[in-house]
Amino acid sequence: MDVFHQVVVDQLAEISGKSPETIAPLIEIPPQANKGDRAVPCFQWAKEEKASPKVLASRWHKMLQSQGLPPEIEKVEAVGGYLNFFLNHHFVASHVLGEIRSHPGSYGYIQLENPTNTVLEFSSPNIAKPFSIGHLRTTNIGAALGRIFEARGHRVTRINHLGDWGTQFGKLISAYRRWGNAELLKDHPIHQLYKLYVRWHEEEISDPTLIEDAREWFSRLEDGDEEAKELWEWFREVTIRELKTLYTTLDVDFDHYWGESFYTGQLLSVLQELEEKKISKKSDDATIVDLEEEGLAKCVVRKSDESSLYMTRDLAAAIYRQDQFNFDEMIYVVGAPQRLHFQQLFKILEKMGHAWAKKCEHVAFGHMSFGDEAMSTRKGNIVFLSDVLDEAVALAQKIVEEKNPTLEDKETVAKKVGLGAILFADLSSKRIKDVRFSWDEILTFDGETGPYLQYSLVRAKSILRRYDKPIEPEVPEGTLQKKEEAALVRFLSRFPSVLAKAEEAREPFLVAQYLVGLAKTFNKFYTVHRILDAPTEEDTRARVLLVFAYADVLDTGLRLLGIPRPEQM
Ligand code: ARG
């Protein structure tokens with residue numbers, strides 16, 4: 001509980017006779033400033049107090065008034081069953097700014113005595129199929145969630161469930177043996193493997209022997225055939241190597257690259273268990289789990305040719321992870337089209353008697369596309385992430401060149417701006433929404449964009465650089481009382497609760513949205529008030545501290561979202 005909650009709880013507990021433990025969880029932070037800093041809904045006590053919430057609120061309000069408020073509370077209002085507490089401004093400012101100044105980079109972070117043990121699966125691209133925009137979303141959302149969870153005291157284990165097993169490898173081996181070229185593959189594995197995969201599908205139309213060939217190769221692979229295994233290993237290795245460069249660019253890291261292939265040794269025992277527990281049954285030559293009664297359709301866990309399946313590998317993976325980590329929660333960041341798959345997965349786990357199935361959660365997201373059609377059609381229907389990133393950087397370079405021709409190292413800045421634009425656009429609406437954006441929109445410096453925030457941060461930092469004294473953590477008495485100053489302090493004070501909500505809803509978007517509001521609030525302050533040459537020395541001291549706090553919280557927020565922060569722009 002933060003100090004602001006505490007003050008309110010103490011006061012109300014004293015006059016109402018309710019225990020602090022019952023009051024604390026009810027406290028709300030009103031969305032609008034005119035409703036105060038903290039609000040307590042009185043609805044829950046109406047019955048036991050035999051009074052309407054409205055009457056109760058005004059009764060307690062009167063008692064608070066006649067007892068006299070402590071210096072931390074400016075005033076209290078009773079409005080429609082709510083008690084709205086307005087905190088003393090100096091008290092809030094001293095606390096928030098002092099806290100940020102003394103813990104830079106971690107305002108709003110908490111430490112739990114028993115950290116939540118979270119397994120977070122995200123990214124999970126497929127070998128032979130390109131790393132698409134959808135994979136950018138899982139990577140970006142997953143990485144942001146991981147960092148937000150850590151800020152909220154979780155211990156996070158990051159897993160990349162690579163699509164590195166399955167019938168596509170039969171096709172790929174078959175294709176490579178016919179048309180492959182080792183040199184090309186070495187240089188651009190992701191594109192080359194994809195090309196082979198596409199060609200195989202094209203030629204299959206006129207050559208019916210291909211399907212047999214592919215089936216044969218996958219079955220050889222599952223049986224451990226040397227040649228098949230060697231090719232598979234090679235495909236996998238070169239792909240991971242290329243992926244890792246991409247992950248470095250995006251600044252994400254995994255604890256484990258446990259792809260689907262990792263679980264092949266555990267599939268048989270899963271299938272056996274399903275059979276023994278009478279969860280699965282034979283249907284034609286395949287083995288299925290019938291979830292029709294649960295409204296989740298039938299799902300195949302073993303095909304007639306005995307080859308294993310995506311679902312079976314997911315079952316094995318979940319069981320293995322529970323074994324390894326005994327997690328408190330396991331989160332799968334995967335696109336919305338796979339919703340049914342995860343519902344089925346969790347249901348089967350539950351039927352197997354795994355109570356921990358309810359700790360598994362599918363964090364879904366919508367589709368992302370570009371207003372610019374040229375981009376999405378250049379390579380058929382697939383958009384390669386690397387092309388998108390290149391495009392973003394090229395466009396950013398032009399803008400940077402225009403805005404600040406004398407800037408040093410424009411290339412590095414353009415990289416950060418281009419990347420920031422895309423990543424921020426991806427996180428700036430609820431994850432489940434489909435996002436469609438245009439390059440112009442996401443790259444502008446004065447919309448609700450990544451570059452806008454990056455630019456605002458650069459500006460704030462440049463003010464701080466020009467201040468040649470140490471930045472003191474104390475707020476001088478009587479300062480920061482102006483409307484725009486107070487508004488910024490209040491906005492900063494919300495950051496911890498935004499992190500809490502983002503964690504709870506699994507929504508990095510809430511942080512993105514907050515940062516845009518914060519930057520706008522800063523802008524209003526910045527355009528109205530002088531900072532380094534403020535009316536009094538106290539004002540300057542206080543305002544510099546305020547700018548410091550703003551820069552720090554913005555920096556932290558952007559870092560949590562994975563948005564790079566250039567020093568200059
Ligand atoms: N490789 C899959 C794809 O790209 C996503 C894997 C999701 N994770 C899982 N455990 N099934 O569509």
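Atoms within a ligand are numbered from 1 in the order they appear, just like the ligands themselves.
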**Student:** Which atoms of ligand 1 are found less than 4.0 Å from any heavy atom of His135?
**Tutor:**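 Close to His135: 3 (C), 4 (O).
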
**Student:** With sequence neighbours excluded, what pairs up with Glu212 under the side chain to side chain contact (heavy atoms under 4.5 Å, CB included) test?
**Tutor:**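 So Glu212 forms a side chain to side chain contact (heavy atoms under 4.5 Å, CB included) with Arg215.
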
**Student:** Mark up the atoms of ligand 1 that fall under 4.0 Å of a heavy atom belonging to Asp314, in ascending order.
**Tutor:**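 Every atom of ligand 1 under 4.0 Å from some heavy atom of Asp314: 9 (C), 10 (N), 11 (N).
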
**Student:** Does a side-chain N-to-carboxylate-O contact under 4.0 Å join Glu150 and Arg158?
**Tutor:**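 Salt bridge between Glu150 and Arg158, a charged N being under 4.0 Å from a carboxylate O: yes.
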
**Student:** Considering only non-hydrogen protein atoms, determine which one is nearest to atom 6 (C) of ligand 1 and report residue, atom name and distance to 0.1 Å.
**Tutor:**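 Heavy-atom neighbour on the protein nearest atom 6 (C) of ligand 1: Tyr310 OH, 3.3 Å.
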
**Student:** Between Asp290 and Lys281, does any side-chain N to carboxylate O distance fall below 4.0 Å?
**Tutor:**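 Counted as a salt bridge, because a side-chain N and a carboxylate O are separated by less than 4.0 Å.
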
**Student:** Check if Gln338 has a non-hydrogen atom at a distance under 4.0 Å from any atom of ligand 1.
**Tutor:**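 Under 4.0 Å: yes for Gln338.
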
**Student:** Considering residues, nucleotides and ligands other than Asp253, do more than 12 of their heavy atoms fall under 6.0 Å from its CG?
**Tutor:**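 Not more than 12 within 6.0 Å, no.
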
**Student:** Got the closest protein heavy atom to atom 3 (C) of ligand 1, with its distance?
**Tutor:**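 Result for atom 3 (C) of ligand 1: Asn126 ND2, 3.5 Å.
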
**Student:** Can you see whether Tyr257 has Lys244 sitting over its ring - NZ or CZ less than 6.0 Å from the centre and within 45° of the normal?
**Tutor:**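 Yes, cation above the ring, under 6.0 Å and within 45°.
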
**Student:** Ligand 1 versus Phe122, non-hydrogen atoms closer than 4.0 Å: side chain, backbone, both, neither?
**Tutor:**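 It is neither; nothing of Phe122 touches ligand 1.
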
**Student:** Does any N or O of ligand 1 fall below 3.5 Å from an N or O anywhere on Glu121, backbone included?
**Tutor:**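 The answer is yes, given that Glu121 and ligand 1 share an N or O pair closer than 3.5 Å.
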
**Student:** Can we say Asp426 and Arg431 salt-bridge, meaning some charged N sits less than 4.0 Å from an Asp/Glu carboxylate O?
**Tutor:**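 Salt bridge flag = no for Arg431 with Asp426.
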
**Student:** Does any N/O atom on Tyr332 come nearer than 3.5 Å to any N/O atom on ligand 1?
**Tutor:**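 No; every N/O pair is 3.5 Å or more apart.
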
